[in-house]
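Presented below is the structure to which this report refers.
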Amino acid sequence: MKIPEASPQSENDGGSSQPERRGQRQAFHRGTRVPACPRKPHGRSRVFVKGCLLKLLCCLERVCRVEWFVYAALGMLSAILSFLMDLSVSKLLTAHNWLYNQLEGNSLLQFFCWTLYPTCLCTISSSLCHNICPFSTGSGLPEVRTMLSGIQLPQYLNLTNMFTKFLGLICTLAAGSTIFMGKVGPFVHLCTMMGSYLIKPCSQRQATKENADGEMLVVAAAVGVASCFGAPVSGVLFSMEVMCSHFAMRNYFPSFFSVACGTLTFQLLSMWSGDKETLQVLFQTNFPTAFPFFPLEILLFVLLGLLCGAVSCLYLFLHRLMLRLITTNISLVKILKTEKVLYSAVVSFSLASLTFPQSVGQHMASKSTMKQLLTSLLDNTLWISQSHNASVPLKTEWGLSGYPVCRSLTVFLVMKLWMSMLACTLPLPAGYFMPVFIYGAALGRLFVEGIVYIFSRTQEWSSINPGGYALAGAAAFSGAVTHTLSPALLVLELTGQFSHALPVLLATLLANGVARSGLRTSFYDAVSISKRLPHLPSLIMARPGILSMEVGRVLGSTPARLQKAAGLEEVRHVVNSSTETQIPVVDSHDVPVLLGFVTRPQLQTFLRQCSASQRLEPHLDEVCSIQPSSALLSPHNTIQEVFSILSLVGGQTVFITERGRLLGWVTWAEMKRILEDLAKEV
């Protein structure tokens with residue numbers, strides 16, 4: 001987070017680059033050329049392009065603030081990126097399925113075609129991340145959460161990381177349901193990287209550079225979720241719940257504006273490509289709207305919510321166990337550090353062998369893509385009743401093995417539970433939200449099919465809608481794993497079935513209540529703790545004692561300070577030895593009663609005046625205006641309280657005083673040091 005210069009005099013200081021940019025704009029409008037830099041190649045071309053951009057910036061500013069054009073551009077670019085990614089993955093999967101079908105009759109060649117395809121893709125993805133940018137592995141969502149909380153992680157936003165993650169994510173998704181990974185987390189990371197580059201022209205302007213970076217990252221996180229599903233409202237809500245520790249209301253309107261632009265672009269691209277006839281939801285369903293469910297079925301949705309909560313506890317336990325294994329097992333740590341490509345090849349080949357359609361894969365609908373799996377699970381036709389009727393063929397991927405549908409769903413749930421844990425250890429870009437979303441849909445489908453099978457003699461169960469339970473199961477399980485409620489709205493936006501809003505919300509609430517009991521960490525919190533990221537909400541889940549830890553116990557060394565009667569030598573020493581933008585001013589060094597603070601530009605002005613003045617050396621309080629601090633805390637305040645104050649006041653310094661005497665100060669840099677020290681102890 002960039003710390004703003006609080007002094008109004010900062011615009012007139014020699015260190016500011018704002019007058020230079022204003023001079024370039026005026027020079028362009030007068031028709032003069034900005035001198036080219038001789039040290040860079042194509043200097044004249046650079047100046048011409050820069051001048052055109054400045055002219056475009058001035059024209060846009062006459063219409064409205066440039067930030068709104070950037071928000072719209074971010075939404076549309078993210079939608080185009082998502083559409084191109086889906087199109088590339090679809091083409092690769094279609095080519096693989098065609099080749100697999102051409103080898104029909106030769107099981108050995110089909111086996112090699114089935115296993116080598118995802119193995120090669122995962123190897124390529126892992127090789128890209130290992131050789132080009134190691135920060136592109138994993139989801140990226142825990143790191144984005146850390147950056148949104150105010151902690152800078154610049155290596156996760158560079159341009160190399162963006163291209164590496166984009167190409168690696170295409171390879172991961174093209175592996176299909178074999179690896180069983182999604183794109184939500186990595187795509188949120190990609191959108192934040194795009195947003196950080198798009199906002200640079202706006203953040204350089206003096207009037208907006210204080211909040212531009214933080215606002216754009218919040219908006220980009222919401223756009224990333226919405227561009228994956230075409231769900232604008234739940235995308236913003238997911239950003240509020242998962243990404244932000246403190247969601248400012250000033251980000252509310254920009255987030256919805258950018259998400260609306262992105263969703264509209266995504267829907268139009270899908271329609272123009274021939275995938276849809278008009279603007280419509282991503283997963284079409286035909287649930288009955290006149291009588292969607294019986295009133296007594298609410299009890300079944302309650303039981304489903306409790307079941308999803310219990311299974312999510314098992315899922316999160318296995319996930320934490322796997323994270324602990326890959327961070328503490330010496331042999332596995334060494335392999336993941338030096339032999340990432342080989343490890344990816346071995347794991348992906350093993351997963352592909354287990355999902356081979358002529359073996360265990362026939363019970364898991366392994367030939368279907370993740371979108372096809374979810375579409376089939378949301379079908380509103382009872383498969384149990386179809387399987388009992390021999391005259392009606394069972395039109396679903398889950399009944400091709402000839403075994404009962406409940407058996408196939410059970411095999412899918414049992415196998416995917418530990419296979420997804422193993423896939424989470426792969427060092428490649430991958431998302432984890434869509435797999436748990438489909439897993440919850442399968443859990444809800446098995447629940448209702450089992451209920452109907454047990455009570456098959458009762459005629460009333462023949463009119464039950466199993467797609468509604470798959471809908472509720474997807475929302476409840478994914479919400480419990482991530483500790484969020486936004487999936488309840490997401491499933492409604494994905495399918496358009498708002499008639500099931502009440503049972504879906506009820507199941508999601510109950511599943512969250514079970515998953516949150518006992519201070520269990522969410523999926524993303526567990527990853528943040530495993531990576532030891534300085535993210536305070538995750539650290540609190542790992543160490544509840546942080547809630548009562550006083551900031552006075554973890555304060556660093558006494559900051560550089562000035563007394564109000566400081567002279568030239570003292571001010572020069574502080575300016576040269578300190579990098580802070582706000583320097584505290586005390587009554588005297590013997591009695592360090594805090595009077596306020598002065599900014600670095602004010603001190604630089606003081607030094608210039610002393611150099612130019614021929615009279616006696618002035619004192620600090622005679623030249624600089626001492627500004628009172630609005631953020632004062634005592635050493636007995638907790639770390640969480642200090643973190644909340646820093647989030648509210650932005651780049652200001654929080655001074656720690658006791659009875660007026662200055663004890664220390666906390667900035668975002670100091671808060672990062674404190675959180676990193678706490679993370680090392682987890």
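Because the structure is a prediction, the values reported are computed rather than measured.
Residues Ala79 and Gly262 approach most closely at CB-O, 3.1 Å, considering heavy atoms.
Around OH of Tyr100, the count of heavy atoms belonging to other residues, nucleotides or ligands within 6.0 Å exceeds 12.
Rounded to the nearest 0.5 Å, atoms CD1 (Ile124) and SG (Cys129) are 12.0 Å apart. Residue Ser82 holds its OG atom at 4.0 Å from CZ of Phe187, rounded to the nearest 0.5 Å. Atom CE of Met216 and atom OG of Ser258 lie 7.0 Å apart (nearest 0.5 Å). Rounding to the nearest 0.5 angstrom, the gap separating the CG atom in Leu382 from the CD1 atom in Ile464 is 7.0 Å. Atom CG of Asn158 and atom CG of Leu153 lie 11.5 Å apart (nearest 0.5 Å). Taken from CE in Met162 to CG in Leu167, the straight-line distance is 11.0 Å, to the nearest 0.5 Å.
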Go through the steps to decide whether Ser126 and Ser344 satisfy the test side chain to side chain donor-acceptor pair (under 3.5 Å), and finish with yes or no.
CA-CA 7 Å; Ser126 179; Ser344 301; 3.0 Å; yes
When you look at Tyr469 and Glu297, which way does the side chain to side chain donor-acceptor pair (under 3.5 Å) test go after all the steps?
CA-CA 10 Å; Tyr469 290 86; Glu297 287 187 61; 2.5 Å; yes
Please walk me through it: do Thr355 and Ser366 pass side chain to side chain donor-acceptor pair (under 3.5 Å)?
CA-CA 6 Å; Thr355 58; Ser366 58; 5.4 Å; no
Evaluation steps, side chain to side chain contact (heavy atoms under 4.5 Å, CB included), between Lys183 and Cys228
CA-CA 7 Å; Lys183 70 172 185 178; Cys228 291; 3.8 Å; yes
Decide yes or no on side chain to side chain contact (heavy atoms under 4.5 Å, CB included) for Leu77 and Leu198, but give the supporting numbers first.
CA-CA 11 Å; Leu77 287 176; Leu198 287 174; 4.1 Å; yes
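In this structure, Thr164 contributes its side chain and Asn161 its backbone to no donor-acceptor pair below 3.5 Å. Although no hydrogens or angles enter the test, the distance criterion places a donor-acceptor pair under 3.5 Å between the side chain of Ser88 and the main chain of Leu84. Looking only at distances, a side-chain donor or acceptor of Tyr197 sits under 3.5 Å from a matching main-chain atom of Leu159.
Remark: Lys416 fails to qualify as a cation-pi partner of Tyr439 under the 6.0 Å distance and 45° angle criteria applied to the six-membered ring.
Aromatic pair Tyr71/Phe257: ring centres not closer than 6.0 Å. Taking the six-membered ring for Trp and the full ring otherwise, the centers of Phe643 and Trp668 sit less than 6.0 Å from each other. Taking the six-membered ring for Trp and the full ring otherwise, the centers of Phe433 and Phe523 sit at least 6.0 Å from each other.
Comment: Asp525 engages Arg145 in a salt bridge, judged by a side-chain N to carboxylate O separation of less than 4.0 angstrom.
Trp68 and Phe253 have perpendicular rings, their planes meeting at more than 60° on a 0 to 90° scale where under 30° would count as parallel.
Partner of Glu143 under the side-chain hydrogen bond (donor to acceptor under 3.5 Å, both in side chains) criterion, out of Lys531, Gln155, His189: Lys531 alone.
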